[in-house]
Amino acid sequence: MSNEENKTTVQSNFIRDIIDKDLGTNKHEGRVHTRFPPEPNGYLHIGHAKSICLNFGIAKDYNGMCNLRFDDTNPSKEEVEYVDSIKEDIKWLGFDWEDREYYASDYFDQLYEYAVKLIKKGKAYIDSSSFDEIKTMRGTPTEPGKNSPYRERPINESLELFEKMKNGEFEDGKYVLRAKIDMSSPNMNMRDPIMYRIRHANHHRTGDKWCIYPMYDWAHGQSDSIEGITHSLCTLEFENHRPLYDWFIRELEIFAPQQIEFARLNLSYTIMSKRKLLLLVQKGIVDGWNDPRMPTLSAIRRRGYTPESIRNFAESVGVAKRDNVIDISVMEYSVREHLNKTAQRVMAVLNPLKVVITNYPEDQVEELEAVNNPEDETMGKRKVPFSKELFIERDDFMEDPPRKFFRLSPGNEVRLRYAYIIKCEEVIKDDDGNVIELRCTYDHETKSGTGSSNRKVKGTLHWVSATHCFNAEVRLYDRLFNVPDPGGDKEVDFLDHLNPDSLKVLENCKMEPYISSAEKGDKFQFERLGYFCVDTKYTTDEKLVFNRTVTLRDTWAKIEKQMSQN
RNA sequence: UGUCCCGUGGUGUAAUUGGCAACACGUCUGACUCUGGAUCAGAAGUCUCCAGGUUCGAGUCCUGGCGGGACAGCCA
């Protein structure tokens, strides 16, 4: 990752400013220690990538450390499957937590002791109120809450009940442990928040050891403290919780991390809510968590994005506190930028149209030399077979072209990439008037690479030899939603905004022979079309399946769009 | 009619902490090109939410508005 990152200047942001200031005052003896704390209840998405890059990136830049900690305090939602995928995704992104793989559940014993301490201090109590009673007594944002009738329960009684809770003597919901703070606080998080609830559930790590589980608000800050986290970076919605976390730390008299909140990433035409993503998976609207149209890291990886491009993307969107929506084009730019330098060029024809070169010798085959990557000479050259019968892209021919169309049309000339200039002499149609074949002539003098090939033509087309190419499947992806903010309108179901054309599967696309040795995950630029990678899910020994990662920048498409609007 | 947070080109992020508002994406020109890619050159677009105040000087400090967001799970 070093080369890539040296190039990108690290943008200053308010979090780095704070850290610089802390370093200046020698706040934690110059120590910088962050952590990435996912809950293992779903797959990581591009929003998490921002947080991962931030936390690991800062640790790296300040010679500090970054822990991976799973916030696994709710056994009913969490699964090992998610733990595994999260670890895989972080590694793929290029970050290393070394031996610091932690779990909030590692601290359940300690947390229990801390809770006992607060009860003994008279700062926590067992409440016997029902779910609904607690809800009612909490008040609203504009109205203060009411004290629970059990708020003044004697310390010894709370202690005893708490122990019995732990020992499994009560059913779910019978009691909760609450912090005793202030039911009239304007900050609702301070209205005697619940610290423990009874949940007779099997935990993916602790099994049946516990039947009481700490709430996130109780577990999180203390976990940070236990790990000696100096700067705990989290998203804006926890801003109102900070006073509570500080209160716990102060009452417990333990190490105090500093929480700093930043705005989460939003992407246009995308949803980031784990709940909604899960719904797409469960309803079968997408083909699993790693469907290439999903914003999850596993999907983005399958689609052909590189870790470098995601890291650069995360850097380029910056970090601040105001709500933001990043245009999807920023992300597309970052992959193109990386793939342009690294992807092998090949030729593939997605929607084939047959071309016969009438003046080309019947059985002749020429092996033409093609450049593998004009951005990187070390990637070398390859041979591409040329023969009398070819396929070109259907879109590259128009019988009645508009003025700015530089491609093939009757009587017009174009160059075939790495080959000859050809001229369209005749258009063959079927009974319905569909163009099914083009008859062209070639100019022998214009062979690519020879000195005599200086003749200029406006357009250059990609092509494959009909007798040498092979078939493959290509999947074209477009945005999953057709509005910029699919989750924005609470009145409308986000599923109403699904883009019906988000996936197009093309069978029998024509590939140049070189591609046949491609393996799962390999990335290519199909010249003039875009970046594609070999799909890891549907590719078999018999059939290659390609995912389109992103198109090339397409000025012609832009012109076409403008013309259709006028 | 509470508490907290946030308002800088279309989008996002900067501004040496009070000194001519910059960078990226996007948009538009042009050059070059055997990828309508890449590259290169250039342009438009922000009087920094509004109104006062402090100051020689305010995006930055103060006051008051306005606008947006978060908070009423035994979720995280």
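In what follows, chains carry the letters A, B, and so on, assigned in the order in which the sequence lines appear, proteins first and then strands, with residues in each chain numbered from 1. The figures that follow rest on heavy atoms only: side chains count, while hydrogens, waters and symmetry mates do not. Everything numeric in this text was worked out from a predicted model, so none of it was measured.
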Separation between the [atom1] atoms of [N] and [M], rounded to whole Å:
N	M	atom1	value
G26(B)	U63(B)	C1'	39 Å
G7(B)	U13(B)	C1'	14 Å
C25(B)	U3(B)	C1'	37 Å

Of all the choices, [options], which nucleotide is nearest to the side chain of [X] once you look at every atom?
X	options	value
E375(A)	C74(B), C25(B), A38(B)	A38(B)
N74(A)	C25(B), A76(B), G36(B)	A76(B)
R322(A)	A76(B), C6(B), G37(B)	C6(B)
S12(A)	C71(B), A14(B), C74(B)	A14(B)
K77(A)	G36(B), C75(B), G7(B)	C75(B)
I194(A)	G36(B), C74(B), A70(B)	C74(B)
L552(A)	G37(B), C6(B), A76(B)	G37(B)
E39(A)	A76(B), G36(B), U3(B)	A76(B)
M188(A)	G36(B), U27(B), A72(B)	A72(B)
K321(A)	C5(B), U35(B), C74(B)	C5(B)

[X] has an atom [atom1]; how far is it from atom [atom2] of [N], in whole Å?
X	N	atom1	atom2	answer
Q259(A)	C4(B)	CD	C1'	13 Å
F313(A)	U13(B)	CZ	P	12 Å
R528(A)	A38(B)	CZ	P	14 Å
F70(A)	A76(B)	CZ	C1'	15 Å
E332(A)	G26(B)	CD	C1'	12 Å
D20(A)	A14(B)	CG	P	14 Å
M137(A)	G73(B)	CE	P	13 Å

Looking at [N], I'd like to know if its phosphate oxygens (OP1 or OP2) sit under 4.0 Å from a side-chain N or O belonging to [X].
X	N	result
Y333(A)	C25(B)	yes
K174(A)	C74(B)	no
Q525(A)	A38(B)	no

> Does the base of A70(B) carry an N or O that pairs as donor and acceptor with the side chain of N240(A) under 3.5 Å?
Replying inline: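 Result: at least one qualifying N/O pair found.
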> Is a donor-acceptor pair below 3.5 Å formed from side chain R407(A) to base G36(B), judging by atom type as modelled?
Replying inline: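 Such a pair is found, so the answer is yes.
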Does the side chain of [X] come under 3.5 Å of the side chain of [Y] through a donor N or O and an acceptor N or O?
X	Y	value
N41(A)	K274(A)	yes
R153(A)	S128(A)	yes
H462(A)	E393(A)	yes
Y420(A)	E445(A)	no
Y82(A)	E39(A)	no
E337(A)	S334(A)	no

> Which residue lies toward the 5' end of RNA chain B, V319(A) or N189(A), if each is placed at its nearest nucleotide?
Replying inline: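 The residue whose closest nucleotide sits nearer the 5' end is V319(A).
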>> Reading RNA chain B from 5' onward, which residue's closest nucleotide shows up sooner: R138(A) or K558(A)?
In response: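 Result: K558(A).
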Looking for any heavy atom pair under 4.0 Å, which part of the strands does [X] touch: base, sugar-phosphate only, or nothing?
X	result
I198(A)	nothing
F406(A)	base
T235(A)	nothing

>> Do the side chains of E366(A) and K447(A) get close enough for a salt bridge, i.e. N-O under 4.0 angstrom?
In response: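 A salt bridge is present here (some side-chain N lies under 4.0 Å from a carboxylate O).
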